[in-house]
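A short write-up of the structure that comes next.
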Amino acid sequence: MDGIHDLGGRQGFGKVDVDEKEEAFHSDWEARAYGIVRAMSKPSDWTLDKFRFTREQIEPVVYLSRPYYDQWLQSYAALMVGSGVASVEELATGKSDGGKAGLGAPRGPESVAAEKRAAAVQFDRPYDKPFRFDRGAAVRTKPFAHKGHTRLPSYIRGHEGRVIEVRGAFIFPDEAAQGIERAEPMYTVAFAAADIWPGEDLDHAVHLDLWESYLEPA
Amino acid sequence: MSANQEKEASDIHHELHSHLPPEPALRVKAIESLLIEKGMLDPATVDAWVETYSEKIGPKCGAAIVARAWADPEFKARLLENGTEAVKEMESAGWAVAHLRVVENTEDVHNLIVCTLCSCYPHAILGPPPNWYKMAAYRSRAVREPRVVLQEFGVDLPDNIDLRVWDSTSELRYFVLPQRPAGTEDWDEEHLASIVTRNSMIGTDRDLDPSGGDK
């Protein structure tokens, strides 16, 4: 989806606020929102990419202006409505019309410490088919775009780069956002910024992790 | 990925935007109350997450990893080879990261981390990202004009430095191993960790100041 979230290389957003105070949370509600999102029960089909795709569909002006954790919460609220777990009315009032989500008991505080080492979610999968590219391969990103979720940013489409690492097979986000779990090879690809934005006197390299479906031989 | 589904989610967003309270604090409160009533949330678990990410997980965890890498060349080799496995050796390294990739700054190389599509960041090691990391200015510019962005952070990179920007488009989480400054040769890990800044592990800081520590 060519949405507002796809910000790489866009211009006109001004300077970075480098004077921000270094603290975990900048307000009580922000801390609360973060904690809620981490603690809440989620149906198993709310994959990370489904969440991302939901956030990508926040109205552009809201996406750019609303605080980040507020957007997280808004995205979970939208997922709740979309999954039939809650209605807009219930979310607006904070009062349940009586229905339970049916997701079992909520996780207790002991679940937090239990996640310390155990619960990092793995996104790589076994894969027994051949990988199309080796380290060092010259590749070109496909020019495609589609209406769904993708992790191929628009600024890199149609450009030539070089595979610097073969990472293994990872769940393919474009399909994971639709609830389909299929792994495919994923590669770290280096691009010369001067090729992406010619005429700007650039000398750096940009690296992206890209799935095999995004690439063709150069 | 039907167009219908896209329409549906944006319609829901629109409805939520029109009906939920305009103040973030009130929205958060309404959603928390509802989740509790729905049996989806234990408020004590929210408290525990907030406490963990306010006090236990944060840049000091990353600094401990950097200090260990500076002090122990074999650990550093393991960290660069397989960051995910290497940090499991350390109790003070924060929480598990499924796929951690550590990139090393040297005399000739500088690394900078960004996520142009959302705000992927090694939360489990560095805590919540700074606001600027999540905002459009950084996300749009870090890939296109990183030297200018670095100047805004007070980092003037010499022209001959090999500048590598990492756009976190997958579930690999990137982490910069900054350079160890001269004059710290006989320091222990705790002392070394005290001079490691959060920004140096994102790449928006470079030359760490040996007089900047707390000892």
Side-chain angles (χ1 to χ4, degrees), chain A residues 5 7-10 13-18 20 24 29 31-33 35-36 38-41 52 54 57-59 62 64 68 70 73 77-78 81-82 88 90-92 94 96 100-101 103 106-109 112 116-117 120-123 147-148 151 153 178 186 197 204-209, chain B residues 1 3 6 9-10 12-13 15-17 19-20 24-25 28 30-35 37-42 44-46 48-50 52-54 58 95-98 116-118 127-128 130-132 134 136-140 143-144 146 149 152-153 163-167 169-172:
Chain A
H5 68 283
L7 286 164
R10 301 212 186 222
F13 288 105
K15 291 193 170 179
V16 179
D17 176 15
V18 298
E20 176 193 332
W29 75 256
R32 206 71 201 157
I36 291 168
R38 297 300 299 259
M40 70 186 279
S41 309
R52 286 188 179 130
T54 303
Q57 292 172 80
I58 290 178
E59 290 164 275
V62 178
L64 289 176
Y68 182 73
D70 197 11
L73 216 51
V81 175
V88 172
E90 287 179 305
L91 286 156
S96 169
K100 293 268 181 187
L103 296 172
R107 285 178 289 168
V112 179
K116 178 167 186 179
R117 285 286 180 262
V121 179
Q122 301 288 324
F123 290 86
K147 280 179 169 289
R151 300 293 284 179
Q178 308 301 327
M186 199 264 284
W197 297 289
H204 63 281
V206 183
H207 303 77
L208 295 89
D209 298 324
Chain B
M1 69 195 68
E6 184 187 329
S10 44
I12 294 168
H13 279 304
E15 262 193 83
L16 288 167
H17 188 50
H19 290 90
L20 264 55
V28 172
I31 292 174
E32 180 170 5
S33 305
L34 181 65
L35 287 166
E37 275 197 55
K38 290 272 179 195
M40 293 171 73
L41 189 70
D42 178 346
T45 312
V46 180
W49 277 111
V50 171
T52 300
Y53 271 80
S54 302
W95 286 18
V97 183
T116 62
L117 293 173
C118 46
N131 267 337
W132 54 256
K134 303 175 280 191
Y138 183 76
R139 285 167 51 194
S140 60
V143 285
R144 185 160 180 171
V149 170
E152 284 167 26
F153 280 95
L163 174 56
R164 302 173 182 172
V165 180
W166 304 84
D167 187 356
T169 46
S170 77
E171 299 328 316
L172 260 55

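Remember, predicted model here, so these are calculated numbers, not experimental data. Per chain, numbering begins at 1; letters A, B, ... match sequence-line order. In what follows, every heavy atom counts, from backbone to side chain, and hydrogens, waters and symmetry copies are set aside.
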Item to check | Verdict with supporting geometry, Val81(A) and Glu15(B), side-chain contact (heavy atoms from CB on, under 4.5 Å) | outcome: CA-CA 10 Å; Val81(A) 175; Glu15(B) 262 193 83; 6.0 Å; no
Next on the checklist: Test side-chain contact (heavy atoms from CB on, under 4.5 Å) on Val143(B) and Trp197(A); report intermediate values, then the result.
Outcome noted: CA-CA 10 Å; Val143(B) 285; Trp197(A) 297 289; 4.0 Å; yes
Item to check | side-chain contact (heavy atoms from CB on, under 4.5 Å) between Asn131(B) and Asp17(A), intermediate numbers included | outcome: CA-CA 8 Å; Asn131(B) 267 337; Asp17(A) 176 15; over 6 Å; no
Checklist entry - Checking side-chain contact (heavy atoms from CB on, under 4.5 Å) for the pair Leu117(B)/His5(A): CA distance, chi angles, key distance, verdict? => result CA-CA 6 Å; Leu117(B) 293 173; His5(A) 68 283; 4.0 Å; yes
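Between the His204(A) side chain and the Arg164(B) main chain, no donor and acceptor come within less than 3.5 Å of each other. With hydrogens and angles ignored, the 3.5 Å screen pairs no side-chain donor or acceptor of Thr45(B) with any backbone N or O of Ala39(A). In this structure, Glu171(B) contributes its side chain and Phe123(A) its backbone to no donor-acceptor pair below 3.5 Å. Remark: the backbone N or O of Thr169(B) is paired with a side-chain donor or acceptor of Arg151(A) at under 3.5 angstrom. Here the side chain of Thr116(B) pairs no donor or acceptor atom with the backbone of Leu7(A) at under 3.5 angstrom. The backbone N or O of Trp132(B) sits less than 3.5 Å from a side-chain atom of Glu20(A), completing a donor-acceptor pair.
The shortest distance between side-chain heavy atoms of Pro106(A) and Lys38(B) does not fall below 4.5 Å. With a 4.5 Å cut-off on side-chain heavy atoms, Tyr53(B) and Val112(A) do not count as touching. Residues His13(B) and Val62(A) fail the side-chain proximity criterion, which asks for heavy atoms closer than 4.5 Å.
Contact of Arg52(A) with chain B is made through the side chain alone, with heavy-atom distances under 4.5 Å. Contact of Leu73(A) with chain B is made through backbone and side chain together, with heavy-atom distances under 4.5 Å. Heavy atoms closer than 4.5 Å to chain B are found in the side chain of Met186(A), but not in its backbone. For a residue to count as touching a neighbouring chain, one of its non-hydrogen atoms must lie under 4.5 Å from one of that chain's; by this rule Ser54(B) touches chain A with backbone and side chain alike. For Ile58(A), the parts lying under 4.5 angstrom from a heavy atom of chain B are both the backbone and the side chain.
Counting heavy-atom pairs under 4.5 Å between each of Gly58(B), Pro24(B), Ser33(B) and chain A puts Pro24(B) at the top. No other option in Leu208(A), Ile36(A), Thr54(A), Leu91(A) has as many heavy-atom pairs under 4.5 Å with chain B as Ile36(A).
In terms of heavy-atom proximity, Gly9(A) sits nearest to Arg144(B) at O-NH1, 2.8 Å.
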